Amino acid sequence: MAYNFNEIEKKWQQRWRDDRTYRVTENSEKEKFYVLNMFPYPSGAGLHVGHPLGYIASDIYARFKRLQGYNVLNPMGYDAYGLPAEQYAIQTGQHPAITTQQNINRYREQLDKIGFCFDWEREIKTCDPEYYQWTQWAFIKMFNHYYDNKAKCCKPISELVDILAKEGSAGIDAACTEELEITAEQWNTMNEKEQQETLMNWRIAFLNETMVNWCPMLGTVLANDEVVDGVSERGGYPVVQKKMKQWCLRVSAYAQRLLDGLDRIDWSDSIKETQRNWIGRSEGTEMKFHVKESDVEFTIFTTRADTIFGVTFMVLAPESELVQQLTTDAQRADVEAYLDRTKKRTERERMIDRNVTGVFTGSYAINPITGEEIPVWVSDYVLAGYGTGAIMAVPAHDSRDYAFAKHFGIEIRPLIEGCDVSEESFDAKEGIMTNSPTAAFAGCKLNLNGKTVKEAIAATKQFVTENKLGRVKVNYRLRDAIFSRQRYWGEPFPIYYKNGVPYTVPEEYLPVELPEVEKFLPTESGEPPLGHAKVWAWDTVNNCVTEKSKIDNETIFPLELNTMPGFAGSSAYYLRYMDPRNHQALVSTEADNYWQNVDLYLGGAEHATGHLIYSRFWNMFLFDIGASVKEEPFQKLVNQGMIQGRSNFVYRIKDTNTFVSLNLKKDYDVTPLHVDVNIVSNDILDIDAFRAWRPEFADAEFILENDKYICGWAIEKMSKSMHNVVNPDIIVEKYGADTLRMYEMFLGPLEQSKPWDTNGIDGCHRFLRKLWNFFFDKEDNLIVTDGEATKEELKSLHKLIKKATDDINQFSYNTTVSAFMICANELGTLKCTNRSVLETFIVVLAPFAPHICEEIWEALGHNTSVCDAQWPAFNEEYLKEDTIKYTISFNGKARFTLEFAADATNADIEATVLADENSKKYIDGKSIKKVIIVPKKIVNVVI
RNA sequence: GCGCCUGUGGCGAAAUUGGUAGACGCGCCAGACUUAGGAUCUGGUGUUUUGCGACGUGUAGGUUCGAGUCCUAUCAGGCGCACCA
């Protein structure tokens, strides 16, 4: 019988379930290896052929490592909270928990068909109370810690309270929202509420009135990485800036450690670079400027301290509190009008429209070094959230300042020898400084003339520091993460409010479970959906959730109405897999010590600035409090490329129901329409299927070429709306999971994006059928023979072992698949039937095509799984050749080949070549400069 | 604008890291077995030339006995950040 993949795959998938083949337990005898995929959000559309790419790749690696004797953890779960299920709930009233579970079931069914070695007994779902208990727990820990900049780690907030009570804030160097100066006396006279509000300034998880990305259509705020081009990542709705009180995580406290950590992990350069960009470290100087005829002083941040003599105006961000203080009465009306206008513009509008706008405040600042008076302006090209929200403008050496100065006719004062600023600014950090105003301002002691820019920056820094005019400062672009979402389908906060002050639910009473609501929409008074919950108050006596109607603000208090964002549950899930059913801790010390962190993490590169930053931050925090043994969660990261869809088009002649074939369409006025790729084969449309596809096409007419309707095509993202989704189930049914696995790997380099194209899949399928025929004849009799393998067979086999071992280690799976085919071709030519050779082949192939290998393995008489076989050792002896062919070149031009004994020395080879009749023809009496012999390859004679 | 990556047959792609291109698969051509094949097997397949040969890794230079690989410039495509001072 032929290779019956459907039957074989069903059989082995069942067997693996029954035997719990892929269950893992901590085993100190064996070395661990932790493989992890970014867990999926179970969307309603199910899996398409792009999803399994990473799972297959990691599955191969996991199986490979297991064969090499490692104890491999390869778990799977679901990122189950998210917007689509909630949007669906709003539309249909269906509870998101139900939709989500249905989607999970569908995913599981599809995943099972591909034959992964996941340990499903460790499955987690982020919406499961047993899981989110630990998300809430981590949040409480963050609430109760602050970040000590000197110690470079976080510490309990109680220690900060002690310091405040004894010494005030003077000695505190901690990550904070704003620099506060509080004496011990002030602190001690504060009431409870004031103290709590003050502590918010330092907590890692803190409540803050902040500018947020508000998406009115979604009715919620979004994190920076959830906003793309000024619209929401999900849905593409407009996003506006709005000031709101929100929970935040002080991610910025960890900016330097997040940056430093990148040097210790094995990630691709491009992802590291993206993270470095996102963190955006910049080293510069903070300088204090006094305001003329006023007590007010303000600080600016600059990386170009050397340009202090070129400052001809100052600019404040419109949102800066200084604007109100510095606006003179004469200018107030103009400034107010400007602020109004700015406020109305969305982020997106500000991004598109880069016309120079601004208004003068009426105040003048004093240059701290020269004493010169400088006008202070307001303009929205200065961002409130970066640096101090105020800048010193140097139009000669900054293009934005230059545009502003040109527009408002402000002086442009060049400071670098020979630079031309008549047309544009000179932004480069190079050249020799000039124009230091030593004469104009006799009091000025700083002279930068003749220094390079680099030297001048250093000199200015030193001068500013020594004269206490400011300080050296490092700034980061990385902002704190906004952690509140005005949504239903997310983790509830373990927070209740007493007298308007947030308090955490005691850890031992977690989880605080998500309450039921009647509606998933915001309330009429504009509260988030949890405002509809009837049972949503905290009873501090019985430590439980109770009816809202019982709130008395004595012992029963209102609970937080916001929920946590998507990244909350996905930030530490890898730890939970180590010990998923633990009720006492996120992860037991034993499990954490054994599994440590993820050795190989696979997922899409699109998470570079979201999940992969939050997750590192979250884990560093857990590391600081001793809940995780490793500072970095993911040691090696591989980003699989996206599988794009190949869409097909039909061309409808305008205002008709007639469709014209691709190469004839130029004669008509046509509208291209996406057509379901499943009714198109090799770009030829199945016309009957098309008529049946949609009612409006039932009586469609066609203009054919060669009796066929040829469709157009394009490479696009695989999505429902483009009708280009290919379901893996269909491939599995037609070719089998093993073929799908081999083919997805064969398609090209793992990290590259590539379009899905079934055109080559037959090659992989043919290979497996051929393999089957090595073992069985037409009547299913095993036809392998015992005995010694021949030299050629062993050579071919060991070439494969070497190639497979090397390539799998480098995730070069496409070349590994090629190596299998080459070896099978060679063994076929050799008519190999040798049991030991073929058996070893099966072991090496097992990670790629586990079902067929199990079946053959069993037929060969083994009563254990091929998963528990041993990865074969490579033996160089078999690859040795008796003779080696050398290409003989003269002056780099290949001429002919000669064969030598494998152990011939260079001297032998040289002598033979020079004595050779052929060679003499090329040398022809000319003198030989040298003879280059590349081992086993080439002899090049230079004449 | 800044940073990163990629560019090789009709197509997906290889190339032991500087060693004399195009492995493997698809497609195509020819042949065999077939009533037939979109099944299977065998052989061929970068361009050009009848042939020896010549030319070929986006383009133009350079280093080298030798360059797809290194250097310089340039073009094209992709990704990330983007009024970050």
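Sequence lines set the chain letters: A, B, ... in the order given, protein chains first and strands last, and positions in each chain run from 1. All values reported here derive from a predicted model rather than from experimental measurement.
Inspection of the A/Y3 and A/N773 side chains reveals no N or O donor paired with an N or O acceptor under 3.5 Å. Counted by atom type alone, A/Y386 and A/S282 present one or more donor-acceptor pairs between their side chains at under 3.5 Å.
Residues A/V311 and A/R413 share a closest heavy-atom pair of O-NH1, 4.4 Å. A/M821 and A/G763 make their closest contact through CE-O, 4.0 Å (heavy atoms, listed as atom of the first residue, atom of the second, distance).
Both A/A384 and A/V942 lie close to RNA chain B; mapped to their nearest nucleotides by heavy-atom distance, the more 5′-ward contact belongs to A/V942.
For RNA chain B, if you chain together Watson-Crick or G-U pairs that step i with j, i+1 with j-1 and so on, the runs of at least three with distances under 3.5 Å are B:1-7 with B:75-81, B:10-12 with B:24-26, B:27-32 with B:40-45, B:46-48 with B:53-55, B:58-62 with B:70-74.
A/R769 has no side-chain polar atom (N or O) that falls below the 4.0 Å cut-off from OP1 or OP2 of B/A39. Here A/Y386 reaches the OP1 or OP2 of B/A85: one of its side-chain N or O atoms lies under 4.0 Å away.
One C1' atom belongs to B/A54, the other to B/G44, and the distance between them is 22 Å to the nearest Å. The P atoms of B/A23 and B/G1 are separated by 41 Å, rounded to the nearest whole Å. Nucleotides B/U57 and B/G10 have their P atoms positioned 13 Å apart, rounded to a whole Å. Of the P atoms belonging to B/G27 and B/U16, the separation is 28 Å, rounded to the nearest Å. For B/G25 and B/C41, the P atoms lie 11 Å apart once the distance is rounded to whole Å. Nucleotides B/U8 and B/A13, compared at atom C1', are 9 Å apart to the nearest Å. If you take atom C1' in B/G61 and the same atom in B/U47, they sit 24 Å apart, rounded to whole Å. For B/G18 and B/U69, the C1' atoms lie 7 Å apart once the distance is rounded to whole Å.
Using a 4.0 Å heavy-atom criterion, one finds that A/I391 contacts the bases of the nucleic acid, with or without backbone contacts as well. A/P755 comes within 4.0 angstrom of no nucleic acid atom, judged by non-hydrogen atoms across all strands. Residue A/R479 is in base contact, counting any heavy-atom pair closer than 4.0 Å across all strands shown.
Applying the salt bridge (Lys or Arg N to Asp or Glu O under 4.0 Å) test to A/D480 and every residue at least two apart in sequence or in another chain returns nothing. Considering only residues two or more places apart in sequence or on other chains, A/K795 meets the salt bridge (Lys or Arg N to Asp or Glu O under 4.0 Å) condition with A/E881. Contacts of A/K803 classified as salt bridge (Lys or Arg N to Asp or Glu O under 4.0 Å), with partners at least two apart in sequence or in another chain: A/D807. Partners of A/D762 under the salt bridge (Lys or Arg N to Asp or Glu O under 4.0 Å) rule, at least two apart in sequence or in another chain, do not exist in this structure. In this structure A/F900 satisfies the ring pair (Phe, Tyr, Trp, His ring centres under 6.0 Å) test together with A/Y886, sequence neighbours excluded.
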Nucleotide N/O of nucleotides 28-32 of chain B paired with protein N/O under 3.5 Å:
none

Sort me out a list of protein N/O and nucleotides 2-10 of chain B N/O pairs below 3.5 Å, or just none if empty.
{"from": "B/G3", "atom 1": "O2'", "to": "A/E273", "atom 2": "OE2", "distance (Å)": "3.4"}

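Within the structure, salt bridge (charged side-chain N to carboxylate O under 4.0 Å, His left out) pairs that include any residue of residues 271-282 of chain A comprise A/D263-A/R276, A/E273-A/R276, A/R281-A/E283 (at least two apart or interchain). Applying the salt bridge (charged side-chain N to carboxylate O under 4.0 Å, His left out) definition to pairs two or more places apart or across chains, none involves residues 746-759 of chain A. A salt bridge (charged side-chain N to carboxylate O under 4.0 Å, His left out) check over residues 821-832 of chain A, counting only residues at least two apart or in different chains, returns the pairs A/K799-A/E826.
Checked against A/T388 for a side chain to side chain contact (heavy atoms under 4.5 Å, CB included), the options A/N475, A/T299, A/V382 give a single hit: A/T299.
The aromatic rings of A/W772 and A/F776 are tilted relative to each other, their planes meeting at an angle between 30° and 60°.
The separation between A/D806 atom CG and B/A14 atom P is 16 Å, rounded to whole Å. Between A/F289 atom CZ and B/A85 atom C1' there is a gap of 12 Å when expressed in whole angstrom units. For A/L316 and B/A85, the CG to C1' distance is 13 Å, given to the nearest whole Å. What separates OH of A/Y402 from P of B/G1 is a distance of 17 Å, to the nearest Å. The OH-C1' distance, from A/Y813 to B/A13, rounds to 18 Å in whole Å. Rounded to whole Å, atom C1' of B/A85 lies 14 Å from atom CZ of A/F298. Computed from coordinates, the A/Y743 OH to B/C11 C1' distance equals 10 Å when rounded to whole Å. At whole-Å resolution of the value, CG in A/D401 and P in B/G1 are 19 Å apart.
For B/U50, the base is anti relative to its sugar; the glycosidic angle deviates from 0 by more than 90°. Glycosidic conformation of B/G56 is anti; the angle lies outside 90° of 0.
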Subject >> Contact letters for nucleotides 16-26 of chain B, in which S counts primed atoms plus P, OP1 and OP2 and B counts the base, heavy atoms under 4.0 Å >> reply: B--BB--BBSS
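Relative to the six-membered ring of A/W278, A/R616 misses at least one condition, a distance below 6.0 Å or an angle of at most 45° to the axis.
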Original post:
Does the ring pair (Phe, Tyr, Trp, His ring centres under 6.0 Å) test come out yes or no for A/F774 and A/F841, once each step is laid out?
Top reply: CA-CA 11 Å; A/F774 274 111; A/F841 188 102; 7.2 Å; no
